[in-house]
Every structure is written in C-alpha cells, then in structure tokens.
Amino acid sequence: MRNKNFWILLIMLLTGIVLGGFMGQLAEGVSWLSWLNFGQSFGLDSPLVVNFGILVVTFGLTIKITMASIIGVAVALIIYRWI
C-alpha cells in the first residue's frame, strides 16, 4: 500500500467543495438541476466588529453546504482512493 499524503487529500477535498459549489451556482438557473443548489448556510449573519480605537477588526464566516458540494466531495474522495 502506498503512503498517501494528507496535503493531497486536503487539496482534493477543497477542490471538490469549490467545484461542487460552482456547479451548483451554474445549475441554479436550470429548472431540472436546481436541486443541486439546495443547501444550508450557517455562520455569522452579520460580521463581528471589534473597535480598539485606532484599529478596527472585523470577523465573519459563512459556510454554505449544497448538494453539489457534497457530490464534489464524494467525487474527490473517490479520485483520491483511485490514485
């Protein structure tokens, strides 16, 4: 069995998430593919702002998980197992 690198897996998973999300956005306008963009968003709705007087720091994070991004992750895992 070959020694597989963790960083390759991480890059493949991130690529699957990004490409799946992109495909979901593209499929949003097509009526019979609109289910690919179905998902849930979670995170901070409005960013958290910390004002230190001379420095203002803004924190914000929102994650949207769609059906297309889940399919993208599954394809990335299959490709990772294959290589």
Side-chain angles (χ1 to χ4, degrees):
M1 184 170 152
R2 294 181 289 190
N3 185 13
K4 295 185 180 180
N5 193 347
F6 167 76
W7 295 107
I8 293 174
L9 174 63
L10 184 65
I11 289 172
M12 297 219 25
L13 287 176
L14 291 175
T15 302
I17 290 170
V18 169
L19 289 178
F22 180 68
M23 293 303 232
Q25 289 291 334
L26 287 178
E28 187 176 20
V30 181
S31 62
W32 56 280
L33 288 177
S34 62
W35 62 274
L36 287 173
N37 202 33
F38 177 76
Q40 184 69 32
S41 294
F42 59 93
L44 297 172
D45 289 332
S46 59
L48 175 66
V49 179
V50 179
N51 188 351
F52 292 115
I54 56 173
L55 177 68
V56 178
V57 180
T58 305
F59 298 101
L61 176 68
T62 302
I63 297 174
K64 182 176 182 184
I65 298 176
T66 62
M67 294 300 289
S69 64
I70 293 171
I71 293 170
V73 166
V75 169
L77 286 174
I78 291 169
I79 291 172
Y80 179 73
R81 293 237 16 207
W82 185 65
I83 55 172

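Everything numeric here is computed off the predicted structure, so don't read it as measured data.
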Taking only distance into account, with no hydrogens and no angle test, what donor-acceptor pairs under 3.5 Å do side-chain atoms of residues 30-46 form with protein atoms, sequence neighbours excluded?
residue: S34; atom: OG; partner: S31; partner atom: O; Å: 3.1
residue: W35; atom: NE1; partner: W32; partner atom: O; Å: 3.4
residue: N37; atom: ND2; partner: E28; partner atom: OE2; Å: 3.4

Side chain to side chain contact (heavy atoms under 4.5 Å, CB included) assessment of L77 paired with L9: CA-CA 8 Å; L77 286 174; L9 174 63; 3.9 Å; yes
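A single hydrophobic cluster is not seen to contain both L13 and I70; linkage of ILVMFWY side chains at heavy-atom distances under 4.5 Å, directly or through other members, places them apart. If you chain together hydrophobic residues whose side chains sit under 4.5 Å apart, W82 and Y80 fall into the same group. Residues I79 and I17 share a single hydrophobic cluster, defined by chaining ILVMFWY side chains whose heavy atoms lie under 4.5 Å apart. Linking ILVMFWY residues whenever their side-chain heavy atoms come closer than 4.5 Å, directly or via other members, places L55 and V50 in the same cluster.
By the 4.5 Å side-chain criterion applied to Ile, Leu, Val, Met, Phe, Trp and Tyr, V56 is assigned to a cluster that also includes V49. Cluster partners of I11, using a side-chain heavy-atom cutoff of under 4.5 Å among ILVMFWY residues and allowing indirect links: none. Hydrophobic clustering, defined by side-chain heavy atoms of Ile, Leu, Val, Met, Phe, Trp and Tyr closer than 4.5 Å, groups W7 together with F6, L10, L14.
No more than 12 heavy atoms of other residues, nucleotides or ligands shown are found within 6.0 angstrom of CE on M23.
Residues A68 and G20 share a closest heavy-atom pair of CB-O, 2.9 Å.
To the nearest 0.5 angstrom, L19 atom CG is 10.5 Å from L26 atom CG.
The side-chain hydrogen bond (donor to acceptor under 3.5 Å, both in side chains) search around Q25 returns none, not counting sequence neighbours.
Residue pairs satisfying the side-chain hydrogen bond (donor to acceptor under 3.5 Å, both in side chains) criterion with at least one member in residues 61-78, sequence neighbours excluded, are listed as follows: T66-S69.
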